[in-house]
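Below: the structure, in structure tokens.
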Amino acid sequence: MAAAIIDAVLIQFIKYMSKGVVSKEEDYSQWYNDLVIKADMAEYSPVKGCMIIKPYGYSIWEKMQAVLDVMFKETGHVNAYFPLFIPKSFLSKEAAHVEGFAKECAVVTHYRLKNDGEGNIIVDPDAKLEEELIVRPTSETIIWNTYRGWIQSYRDLPILVNQWANVVRWEMRTRLFLRTTEFLWQEGHTAHATAEEAIVETEQMLNVYADFVENWLALPVIRGKKTANERFAGALDTYCIEALMQDGKALQAGTSHFLGQNFAKAFDVKFTNRENKLDYVWATSWGVSTRLIGALIMAHSDDAGLVLPPKLAPIQVVVVPIYKHEEELENIAAYVKGLTAELKAKNISVKFDKRDTHRPGAKFAEYELKGVPLRVAIGSRDMQNGTVELARRDTKTKETVAQEGLSVKIEALLEEIQQNIYQKALKFKTENTIEVDTYDEFKRLLDEQPGFLSAHWDGTPETEQQIKDETKATIRCIPLDNKQEEGKCILTGKPSKQRVIFARAY
RNA sequence: CGGGGUGUAGCGUAGCCCGGUAUCGCGCCACAUUUGGGAUGUGGAGGCCGCAGGUUCGAAUCCUGCCACCCCGACCA
């Protein structure tokens with residue numbers, strides 16, 4: 001008896017080792033790293049802090065891009081492209097901006113290498129640039145320098161431009177997808193005649209992001225504003241969406257900034273308004289990055305691998321044939337051909353994995369690891385009975401269903417899975433968003449049940465900083481739809497009119 | 001930059017204290033048998049033991065120097 005139990009444990013251990021994914025409970029951050037690598041999303045590169053996004057991971061980014069791009073265009077934006085390099089002097093024109101980014105800039109100082117005569121390739125000291133170039137950490141400066149030439153009159157406004165690009169921020173500590181030295185993103189940069197219009201734009205784009213993350217990533221978010229401490233360098237107001245990961249830590253999933261006239265003033269971008277008066281242009285910028293892939297992985301996955309929402313899954317349905325002889329496979333393949341055509345007509349992506357180099361069990365495990373939402377297994381028994389085995393990734397349940405009407409059922413199931421994943425995440429977020437009224441309780445919850453803590457704050461940067469120093473929790477945001485209520489700051493006891501959201505964050 | 005740790009096959013590792021040309025698992029290749037939850041057997045390929053120097057008849061092992069990476073902290077609109 002005891003031996004049998006030990007054997008069972010041993011078998012589990014061996015399975016875990018071969019799959020190579022540490023459990024979520026055991027070590028959340030190791031679990032996350034393992035998943036990214038084992039699910040073939042990305043790998044480490046020879047350059048510290050930079051990663052190689054592999055085809056499977058990149059195809060998720062492509063899907064995100066495709067959806068967001070449509071959303072941007074539907075709200076009137078157009079795409080353009082600005083240089084990777086920014087003259088060093090540009091960065092320093094906006095004081096807060098340079099303050100925020102100076103410490104994480106990659107700098108280009110030379111433009112040529114040469115052979116030193118001993119077989120070594122060295123930087124050619126004679127090829128020093130007159131002015132150093134910064135590899136963009138974000139593009140406000142070069143874009144606003146450009147906008148100066150595009151804008152003379154209110155008739156030239158608004159300018160609603162987005163760019164898909166890579167940026168570099170030399171962070172000290174990096175994490176796959178969540179914070180890498182180089183990352184891919186989109187950055188919108190708009191110019192407006194009035195503050196009101198710019199604020200409307202800022203809020204509109206925040207809502208676009210929130211809709212996208214909730215409906216496509218199946219991840220509920222809190223929409224809010226950042227406090228002054230957490231604001232983007234150079235912004236008057238930073239709006240954000242904050243999501244909660246399964247370990248109770250918050251992740252900023254997107255930001256939209258109201259930049260006021262800061263960049264227009266720094267780059268001297270003036271226009272003549274309807275009253276024939278010169279004024280500075282009002283600005284916004286907004287962005288989401290490949291960090292969203294990290295959010296997607298962290299939010300839904302389990303110890304068996306990724307759990308991808310159907311709407312963003314590169315493969316929505318995988319078909320695994322089970323056969324002993326070639327003619328059985330041909331028989332199954334003939335049926336699958338029809339099924340595939342039906343599914344494709346419904347815009348559902350299907351992979352028929354008929355590799356004979358891997359056995360069915362290995363394929364099952366592989367697609368679970370990769371988070372494919374639905375798996376169809378078909379063997380000779382099914383072909384005789386007119387059935388298939390249908391397994392869903394989110395619940396890990398299997399059922400035998402009729403081949404008749406299968407594509408309709410699959411279509412409905414994919415929708416159901418999308419909803420189910422969202423509801424599960426919503427439940428988690430709701431259960432882990434807790435109102436706290438004392439500092440002791442606040443600290444206890446951070447250690448025992450981390451999540452979003454809704455608490456009163458006296459509104460001062462000093463208090464915010466002290467709480468951060470003492471607990472590592474930061475104010476994630478002041479929710480936009482916040483109810484106003486009288487209360488006392490959890491740290492100082494001073495009066496407060498509303499609660500704000502605290503959490504430890506990535 | 002401070003504290004700690006690790007470098008051995010594609011990956012994960014044993015060997016190091018006590019010197020004799022490297023162990024095991026996964027993966028890879030071939031063949032056969034298999035295929036409804038991660039197959040089995042037989043055979044095979046693959047190693048500047050992080051780099052450089054030293055001690056020694058002989059170094060993965062001992063000594064010196066260097067390099068790289070990882071973890072914790074600082075940092076992270």
Side-chain angles (χ1 to χ4, degrees), chain A residues 11-22 27 29-30 33-34 37-38 43-49 91 94 96-105 137-140 167 169-175 178-181 183 185 187 226-240 251-252 254-259 262 285-287 289 291 304-305 320-326 328-329 332 353-369 375-385 387-391 396 398 400 468-469 472 474 505-506:
Chain A
I11 287 164
Q12 280 312 111
F13 181 67
I14 289 163
K15 281 187 173 178
Y16 143 71
M17 284 306 286
S18 61
K19 197 161 186 171
V21 178
V22 172
D27 185 343
S29 84
Q30 188 63 48
N33 281 335
D34 285 351
I37 304 293
K38 302 292 174 185
E43 65 184 50
Y44 291 103
S45 79
V47 184
K48 190 180 176 180
L91 209 67
E94 212 291 328
H97 192 69
V98 68
E99 171 74 22
F101 285 107
K103 283 175 288 181
E104 48 190 63
C105 282
T138 180
S139 301
E140 276 78 4
V167 288
R169 295 180 187 179
W170 215 271
E171 306 280 3
M172 287 175 168
R173 188 84 170 273
T174 57
R175 301 199 65 182
L178 297 177
R179 177 174 294 109
T180 46
T181 301
F183 57 95
W185 77 344
E187 46 181 326
K226 288 292 188 192
T227 60
N229 275 359
E230 301 281 325
R231 207 173 274 155
F232 175 76
L236 294 190
D237 240 331
T238 286
Y239 294 67
C240 63
L251 183 74
Q252 179 175 299
T255 47
S256 184
H257 314 291
F258 171 55
L259 302 173
N262 288 348
S285 70
W286 28 272
S289 71
R291 167 182 265 198
V320 177
I322 297 154
Y323 60 97
K324 289 188 172 65
H325 309 290
E326 196 63 26
E328 286 176 74
L329 175 61
I332 293 166
D353 186 354
K354 57 179 182 182
R355 287 176 299 172
D356 64 357
T357 50
H358 297 259
R359 298 167 87 243
K363 292 179 186 176
F364 294 170
E366 180 185 336
Y367 294 111
E368 269 164 20
L369 190 52
R375 182 185 73 228
V376 175
I378 313 172
S380 297
R381 207 160 68 211
D382 289 303
M383 290 308 288
Q384 280 163 20
N385 299 339
T387 58
V388 301
E389 181 191 79
L390 192 55
K396 299 264 234 61
K398 292 189 281 197
T400 300
K468 182 179 176 180
D469 292 343
K472 287 185 179 172
T474 50
Y506 278 101

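Just so we're on the same page: letters track the sequence lines, and every chain starts at 1. Keep in mind the model is a prediction, meaning the values are calculated, not measured.
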TODO: Under 3.5 Å for both distances, Watson-Crick or G-U wobble, that's the pair rule; now give the dot-bracket for RNA chain B, with | marking pairs to another strand and [ ] for crossing ones.
DONE: (((((((..(((.......[...))).((((((.....)))))).....(((((..]....))))))))))))....
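Atom pair A:Q384:CD and B:rG36:C1' shows a separation of 13 Å (rounding to whole Å applied). Nucleotide B:rA39 holds its P atom 10 Å from the NE2 atom of A:H358, rounded to whole Å. To the nearest angstrom, C1' of B:rG36 lies 11 Å from CD of A:E328. Rounded to an integer number of Å, the gap from CZ of A:F232 to P of B:rC76 is 15 Å. Rounded to whole Å, atom P of B:rA74 lies 10 Å from atom NZ of A:K468. Residue A:L390 contributes atom CG, which lies 15 Å from atom C1' of B:rG36 at whole-angstrom precision. Atoms CZ (A:R355) and P (B:rU35) sit 19 Å apart, rounded to a whole Å. The distance from atom NZ of A:K103 to atom P of B:rC75 is 8 Å, rounded to the nearest whole Å.
Distance noted for atom C1' between B:rC28 and B:rG12: 15 Å (whole Å). Annotation: B:rG4 and B:rA45 have their P atoms spaced 45 Å apart (nearest Å). The gap from the C1' atom of B:rA14 to that of B:rA9 amounts to 14 Å, rounded to the nearest Å. B:rA59 and B:rU21 have their P atoms separated by 11 Å, given to the nearest Å. Comparing B:rC26 with B:rC62, their C1' atoms sit 33 Å apart, to the nearest whole Å. Between B:rG20 and B:rG38, the distance separating the two C1' atoms is 42 Å to the nearest Å. As rounded to the nearest Å, B:rC29 and B:rU13 have P atoms that lie 24 Å from one another. B:rG73 and B:rG50 are spaced 30 Å apart, taking the P atom of each and rounding to whole Å.
Take the nearest nucleotide of RNA chain B for A:F101 and for A:F364: the residue whose nucleotide is more 5' is A:F364. Each of A:F183 and A:N33 was assigned the nucleotide of RNA chain B with the nearest heavy atom; the assignment lying further toward the 5' end belongs to A:N33.
In this structure, A:K363 contributes its side chain and A:R355 its backbone to a donor-acceptor pair below 3.5 Å. With A:E140 contributing its side chain and A:S285 its backbone, the two residues share no donor-acceptor pair below 3.5 Å. Between the side chain of A:N262 and the backbone N or O of A:G234 there is at least one donor-acceptor pair closer than 3.5 Å.
In this structure, A:E230 reaches the sugar-phosphate backbone alone: every heavy-atom distance under 4.0 Å involves primed, P, OP1 or OP2 atoms, never a base. Note on A:D356: nothing from the nucleic acid sits closer than 4.0 angstrom, heavy atoms only. Across all strands, A:Q252 comes closer than 4.0 Å to base atoms (heavy-atom distances). Residue-level contact check: A:G379 touches the bases, meaning some heavy atom is under 4.0 Å from a base atom. A:T138 comes within 4.0 angstrom of nothing in the nucleic acid, heavy atoms only. Looking at heavy-atom distances under 4.0 Å, A:R175 makes no contact with the nucleic acid at all.
Heavy atoms only, all atoms of each residue included: A:T387 and A:D382 are closest at OG1-OD1, 2.7 Å.
Taking the ring-ring contact (aromatic ring centres under 6.0 Å, His included) definition, one finds that A:Y323 meets it with nothing, sequence neighbours left out.
In summary, of the residues considered (A:R169, A:R291, A:E171), a side chain to side chain contact (heavy atoms under 4.5 Å, CB included) with A:F183 occurs for A:R169 alone. A side chain to side chain contact (heavy atoms under 4.5 Å, CB included) with A:T238 is found for exactly one of A:E230, A:Q252, A:H257, namely A:H257.
For A:R375 against B:rG37, a side-chain-to-base donor-acceptor contact under 3.5 Å is present. No hydrogens or angles were tested; on distance alone, a donor-acceptor pair under 3.5 Å links the side chain of A:E368 to the base of B:rG37.
Checking B:rC75, B:rU35, B:rG38 against every side-chain atom of A:M172, the shortest atom distance belongs to B:rC75. Checked against B:rG37, B:rC75, B:rG73, the side chain of A:K472 finds its nearest nucleotide in B:rG73. Taking every side-chain heavy atom of A:R179 into account, B:rC76 is the closest of B:rC75, B:rA39, B:rC76. Of all nucleotides listed (B:rG36, B:rC76, B:rG37), B:rG37 comes nearest to the side chain of A:K398. Candidate nucleotides B:rG73, B:rC76, B:rG36 were compared by shortest atom distance to the side chain of A:E171, and B:rC76 ranks first. The side chain of A:A377 sits closest to B:rG36 out of B:rC76, B:rG38, B:rG36.
Around atom CH2 of A:W185, more than 12 heavy atoms belonging to other residues, nucleotides or ligands sit under 6.0 Å away. Other residues, nucleotides and ligands contribute at most 12 non-hydrogen atoms within 6.0 Å of the CD atom of A:E99.
Taking the centre and axis of the six-membered ring of A:F364, the NZ or CZ atom of A:R375 falls inside the cone set by 45° and 6.0 Å.
Not one side-chain nitrogen or oxygen of A:R381 sits closer than 4.0 Å to the OP1 or OP2 atom of B:rG36.
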